[in-house]
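The structure appears below as structure tokens.
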Amino acid sequence: MLRFLTAGESHGKGLAVIVEGLPAGLEITKEEIQAELSRRRLGYGRGPRMRFEMDELTLLGGIRHGRTLGSPVAIEIANTEWPKWEIEMSPEPGKPEKVLTKPRPGHAELVGMQKYGFDDARDVLERASARETAARVAAGSLAKALLSKLGVSVISHIVQIGAASVGGAARPEPADLEVIDNSRVRCFSPEAEEAMVAEIKAAAKVGDSLGGAAEVLVFGTPVGLGSHVHWDRKLDGLLAQAVMSIQAVKAVSLGEGTVVSGLRGSEAHDAIRWDSESKSYLRDTLRAGGIEGGMSTGGMIALTAWMKPLATLNRPVLMTVDVATKEEAVSFKERTDVTAVPAMGVVAESMVAITLANESLRKFGGDSVAEFTRNAQEYALHLNENPSAAKGI
Ligand code: EPS
């Protein structure tokens with residue numbers, strides 16, 4: 001089983017992540033993890049912090065001479081902004097200089113203050129912040145490295161920002177990832193990119209924020225990750241939980257899940273055919289998004305993550321209550337991004353990769369990468385044999 005834990009506050013000294021359960025012998029370098037972290041910082045519409053906050057990585061354990069040891073991998077991501085926050089976020093006993101008492105609607109602050117008994121919204125917002133997703137992406141880079149041993153690759157592209165969307169434009173393939181990452185909003189369609197940038201400019205002008213959607217595509221998934229036998233083993237449920245846990249994501253859908261609910265059954269499923277050349281069962285449509293009965297079909301997995309507009313506005317207009325006086329107030333102003341949808345796509349890739357790596361380990365096991373891949377190859381070899389014929393019945 002692959003597990004990971006993150007720790008750290010947005011303006012604290014840094015983030016930490018521990019990834020446990022990786023087999024030994026997985027090649028990984030600091031530069032590869034760093035490259036994934038840089039992808040998360042992409043995107044027109046992000047705030048000024050992305051220009052000066054560096055993701056400074058230290059590999060603390062679990063990796064020796066560029067390969068995993070089978071022990072927990074521990075990574076630190078230092079916040080280079082820390083010197084500016086050292087007093088306000090100090091772990092030493094003391095009091096903050098400024099207490100935030102006007103929680104932002106749509107943020108975790110008010111409920112977090114009620115639940116944990118805080119007077120200062122900063123005690124909640126620092127951990128609720130999406131800065132934490134840098135640690136998830138570091139874990140995701142390890143999961144992707146493991147999946148690559150099975151020939152699995154995970155990419156994402158932005159399909160909607162505000163009112164601009166890609167419509168029916170063609171889906172990208174793994175080789176297109178560079179083109180996507182070079183787009184200002186990580187969008188594969190140049191026309192939609194223009195419209196999305198225009199949306200961001202218009203929202204920025206009036207101090208507003210924008211949501212949108214990212215589609216995650218997985219290529220080369222083995223048949224049968226997840227299971228139909230129990231609710232908490234269904235792959236679609238596991239993916240939804242993992243992706244829904246990303247800050248500001250409010251919906252997750254698979255394939256054409258939001259469309260087929262309004263169709264008739266005859267138009268809502270993926271017909272199956274036998275391909276004698278590849279000796280495999282194929283589906284030419286992607287309505288189920290590559291998952292049937294909670295199991296991967298072996299076709300492409302297509303998952304969409306839908307993000308709400310950020311709760312922080314550069315022109316605060318949302319009404320709230322000052323928790324110190326209980327008087328009506330305008331929520332406090334924090335520096336913010338206009339949109340973080342392009343970055344969310346990279347985080348969603350990571351959460352999908354971690355989920356699939358975990359399910360792959362559950363299915364194929366192995367303490368070393370060699371054992372893991374050997375088990376997967378053996379499974380694939382016998383996959384479409386007629387079971388009775390194989391037993392000589
Ligand atoms: C965030 C607000 C902004 C973002 C931050 C997440 O930070 P600040 O308020 O310090 O300018 O830049 O995202 C990151 C630092 C990051 O690495 O993604 C928030 O409120 O969630």
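None of the values given here were measured: they were computed from a predicted structure. Order of listing sets the numbers, starting from 1, for every ligand and every atom in it. FYI, the numbering just counts along the sequence from 1.
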Determine whether the side chains of [X] and [Y] contain a donor N or O and an acceptor N or O closer than 3.5 Å.
| X | Y | answer |
| --- | --- | --- |
| Glu349 | Ser156 | yes |
| His11 | Glu81 | no |
| Arg3 | Asn358 | no |

**Report entry** Arg273, CZ: over 12 other non-hydrogen atoms inside 6.0 angstrom
**Finding:**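 Result for CZ/Arg273: enclosed.
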
Report task. Under 4.0 Å from a heavy atom of His11: give me the atoms of ligand 1 that qualify, with their elements. Result ->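 With His11 as reference, the close atoms of ligand 1 come out as 8 (P), 10 (O).
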
Report task. May I ask you to list the atoms of ligand 1 that are less than 4.0 angstrom from any heavy atom of Met50? Result ->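 Here the atoms of ligand 1 in question are 12 (O), 14 (C), 15 (C), 16 (C), 17 (O), 18 (O).
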
For ligand 1, find out whether one of its N or O atoms is nearer than 3.5 Å to an N or O atom of [X].
| X | result |
| --- | --- |
| Arg49 | yes |
| Ser129 | yes |
| Asp55 | no |
| Arg46 | yes |

Query raised in the report: Can you tell me if Arg40 has a non-hydrogen atom under 4.0 Å from ligand 1?
Result: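 Judged by the 4.0 Å heavy-atom criterion, Arg40 does count as contacting ligand 1.
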
Requested in this report: Answer yes or no for Glu81: is there a heavy-atom contact with ligand 1 below 4.0 Å?
Outcome: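 No, that is not the case, since the closest heavy atom of the residue is not under 4.0 Å from the ligand.
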
Query - Matching residue for Arg122 among Arg127, Lys98, Glu88 - test: side chain to side chain contact (heavy atoms under 4.5 Å, CB included) - result: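 Result for side chain to side chain contact (heavy atoms under 4.5 Å, CB included) with Arg122: Glu88.
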
Query raised in the report: Between Leu318 and Arg104, is any pair of side-chain heavy atoms under 4.5 Å apart?
Result: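 No, side chains not in contact.
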
